[in-house]
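Notes for the one structure printed next.
These figures come from a predicted structure and were not determined experimentally.
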Number of protein chains: 2
Amino acid sequence: MVQLFAYFHRFQKLSPEAENAIAEISTVHTIKKNLDLQPIGHTCRTIYFINKGLARIYYFKEDIDITEGFYFENSIIARVESLFTGKPSRKAIQVLEDAEIIGIHANSLFKLYDQFHDIERLFRKIFEAAYVDTVNRIEGIQFHTAEERYKALLHEAPDVLKRVPLKYVASYLGITQVSLSRIRGIH
Amino acid sequence: MVQLFAYFHRFQKLSPEAENAIAEISTVHTIKKNLDLQPIGHTCRTIYFINKGLARIYYFKEDIDITEGFYFENSIIARVESLFTGKPSRKAIQVLEDAEIIGIHANSLFKLYDQFHDIERLFRKIFEAAYVDTVNRIEGIQFHTAEERYKALLHEAPDVLKRVPLKYVASYLGITQVSLSRIRGIH
DNA sequence: CCCTGCATTTAACATATGATAAATAATCAA
DNA sequence: TTGATTATTTATCATATGTTAAATGCAGGG
């Protein structure tokens, strides 16, 4: 849990009582490469933190596997469109390397919000930051060619290209795998 | 302010004291069509609520005007990538119809978070919902043709096409105005 | 009411990306 | 190591969207 609380601390200082309360509703999972941490069709009731490994959120659009995002060590991963609405998610979380992941039980966490103002504040800040990332990502998608998007990824998150199969990267960039391969070929 | 508090109430019940505190840091502006409510290059320190009218957030990418989003009556508008980071925004807010808008002073609001837990909770929920909208929008962009995106907009937000000049709609959809016109031509 | 300046459409051509198929390359289990 | 499976690249052709230019339509100010 050390890693998790160090991550939290960057957003918000917590009282020891608050940390304990979070620890009590959290469990550590080890999960093998390529397995789904959360399946399609179930409501998201867990917020995950990645200690070790790498995961993606994906869904199917007309039988085509589309990656919505990649998530690395020391980051939070959750299907927020389900977590914050209570609706079942059409998305799944898949682990792309053998991973160690902390799951925080969301309903219990939301109850802690009443008791610990600093916990509510912590997660407010975490999701505000994630919101900002998402807004910035739209800007990246909206008016760039596939090649520009590839180069931006190469520059901003080279780890994705080192650790993730290209077939998953292509849909993340909004193109086919064949196009991605062509773009890489040009250099 | 009635409209504003009715909107808030849909997310979170507030105490009368909390409502008063918000009212005290809020001011009503009337602003003429086509004027910028907030210019490019300044840090966002105000959260706006639209009582009447219609606005967009836009920016320039290599001299091309790009619309990031449209915002109608009874909604919140803010340049969150500046509001939540304190960095200057490369984006502006422009009013597209004569408008009446409530501005909430952000720094004062954030101070109220300490005093009124329910205000912090209110805005946590508001921005969680906005975050979900943004995540869903990425899904809409990622793997649809321009024609599909146009039809989706026609279906989900026909008001945009009725009230907004098409030149602004095109960049919102991630295409040129000529392409949009062609797509509309086919029906 | 008529200009004048924008907004929108139409047309012709250029290009990036998609689709399909086939060839290599890499991975993994036996 | 071998063979089977999966991932990636390469090639060809089709098509959607971009680019530029011109034509048409529309709105606001005098």
> Within this structure, what is the CG-to-P distance between L166(B) and dC6(C), rounded to whole angstrom?
Replying inline: 18 Å
> Looking at Y150(B) versus Y172(B), is the centre-to-centre ring distance below 6.0 Å?
Replying inline: no
>> Please report the interatomic distance CZ(R56(A)) to CG(L96(A)), rounded to the nearest 0.5 Å.
In response: 6.0 Å
> Between N34(A) (CG) and dC28(C) (C1'), how many Å, whole number?
Replying inline: 12 Å
> Taking atom C1' of dA27(D) as reference, at what distance in whole Å does atom CD of E97(B) sit?
Replying inline: 16 Å
>> Could you tell me how far apart Q177(B) (CD) and dC6(C) (P) are, to the nearest whole angstrom?
In response: 14 Å
> Using the benzene-type ring in the case of Trp, are the ring centres of Y48(B) and Y71(B) under 6.0 Å apart?
Replying inline: no
>> Just the rounded figure in Å: distance from C1' of dA16(D) to CG of L173(B).
In response: 15 Å
> What integer distance in Å separates R184(A):CZ from dT8(D):C1'?
Replying inline: 9 Å
> Roughly, in whole Å, what's the span from NZ in K33(B) to P in dC6(C)?
Replying inline: 15 Å
> Picking from dC6(C), dT6(D), dC28(C), which would you name as closest to the side chain of K167(B)?
Replying inline: dC6(C)
>> Could you check whether R121(B) makes a cation-pi contact with Y113(A), meaning its NZ or CZ is under 6.0 Å from the centre of the six-membered ring and within 45° of the ring axis?
In response: no
>> Counting primed atoms plus P, OP1 and OP2 as sugar-phosphate and everything else as base, spell out the protein contacts along nucleotides 16-21 of chain C at 4.0 Å heavy-atom distance: B, S or - for each nucleotide, 5' to 3'.
In response: -BBBB-
> Has K61(A) got more than 12 heavy atoms of other residues, nucleotides or ligands less than 6.0 Å from its NZ?
Replying inline: yes
>> Would you say D36(B) and Y58(B) are linked by a side-chain donor-acceptor pair, where the criterion is simply a distance under 3.5 Å?
In response: yes
